[in-house]
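Accompanying notes for the structure given below.
Start at 1 with the first residue, then count along the sequence.
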Amino acid sequence: MATVLIPSPLRSLCAGAATLEVAGATLGEILRAIDVRCPGFYERAVEDGRVRPELSVALNGHAFRYGLTEPIAPNDEVTIVPAIGGG
């Protein structure tokens, strides 16, 4: 199962959990598996078939604009990162 690091703003959906172990072969499957355990998570993470623009995803420490079809291996670490504003 992949390890998913949940950002602080979304932890309230997951009973405060900072990490979850979930199964899925793609990023989309991972996000849907989280939603089963944390209802409302998927709609907070995905919009119009893509990861919301205010979120980024890092896969094994490499941040990129990953799509929902991105393959995820069982031992991967998926980090969901909220955008940081400022100026």
Side-chain angles (χ1 to χ4, degrees):
M1 285 198 259
T3 300
V4 182
L5 284 73
I6 308 296
S8 295
L10 298 177
R11 289 181 190 164
S12 63
L13 297 169
C14 299
T19 62
L20 294 173
E21 300 284 327
V22 294
T26 66
L27 179 57
E29 288 179 13
I30 292 288
L31 295 175
R32 289 222 180 259
I34 294 170
D35 192 70
V36 169
R37 293 170 58 183
C38 310
F41 191 93
Y42 190 83
E43 70 180 34
R44 292 275 307 271
V46 175
E47 177 179 73
D48 297 327
R50 291 185 231 180
V51 174
R52 287 183 174 268
E54 65 268 20
L55 298 175
S56 290
V57 174
L59 181 57
N60 298 317
H62 300 283
F64 191 71
R65 294 299 304 170
Y66 294 108
L68 297 179
T69 59
E70 182 68 30
I72 304 293
N75 293 320
D76 281 347
E77 181 179 87
V78 178
T79 306
I80 301 169
V81 184
I84 298 173

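For Glu77, there are no salt bridge (charged side-chain N to carboxylate O under 4.0 Å, His left out) partners at least two apart in sequence or on another chain. Qualifying side chain to side chain contact (heavy atoms under 4.5 Å, CB included) partners for Asp35, counting only residues two or more places apart in sequence or in other chains: Phe41, Tyr42. Residues passing the salt bridge (charged side-chain N to carboxylate O under 4.0 Å, His left out) test with Glu43: none are found, sequence neighbours excluded. Looking at residues two or more places apart in sequence or on another chain, you find no salt bridge (charged side-chain N to carboxylate O under 4.0 Å, His left out) involving Arg50.
Residues Glu47 and Pro53 form a side-chain contact, since some pair of their non-hydrogen atoms from C-beta on lies under 4.5 Å apart. Looking only at side-chain heavy atoms (C-beta outward), Leu31 and Leu27 come within less than 4.5 Å of each other. No side-chain heavy atom of Val46 sits less than 4.5 Å from a side-chain heavy atom of Arg52. For the pair Val36 and Ile34, the minimum side-chain heavy-atom distance is 4.5 Å or more. Leu20 is listed as a side-chain neighbour of Cys14, based on a closest heavy-atom distance under 4.5 Å.
Taking a 4.5 Å side-chain heavy-atom cut-off between Ile, Leu, Val, Met, Phe, Trp and Tyr, the cluster of Leu5 contains only that residue.
One finds the CZ atom of Arg11 at 8.5 Å from the OG1 atom of Thr19 (value rounded to the nearest 0.5 Å). Here OG1 of Thr3 is found 8.0 Å from CG of Asn75. Values are rounded to the nearest 0.5 Å.
Counting only distance, with no hydrogens or angles, the side chain of Arg44 and the backbone of Leu10 share no donor-acceptor pair below 3.5 Å.
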Steps toward side chain to side chain contact (heavy atoms under 4.5 Å, CB included) verdict (Val57, Val81): CA-CA 6 Å; Val57 174; Val81 184; over 6 Å; no

Steps toward side chain to side chain contact (heavy atoms under 4.5 Å, CB included) verdict (Thr79, Ser56): CA-CA 8 Å; Thr79 306; Ser56 290; over 6 Å; no

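When all heavy atoms of Ser12 and Pro9 are compared, the closest pair comes out as OG-O, 4.3 Å.
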Show me the donor-acceptor pairs within less than 3.5 Å that the side chains of residues 62-74 make with the rest of the protein, sequence neighbours left out.
unit_1 : atom_1 : unit_2 : atom_2 : d
Arg65  : NH1    : Leu55  : O      : 2.7
Arg65  : NH2    : Val51  : O      : 3.4
Tyr66  : OH     : His62  : O      : 2.9

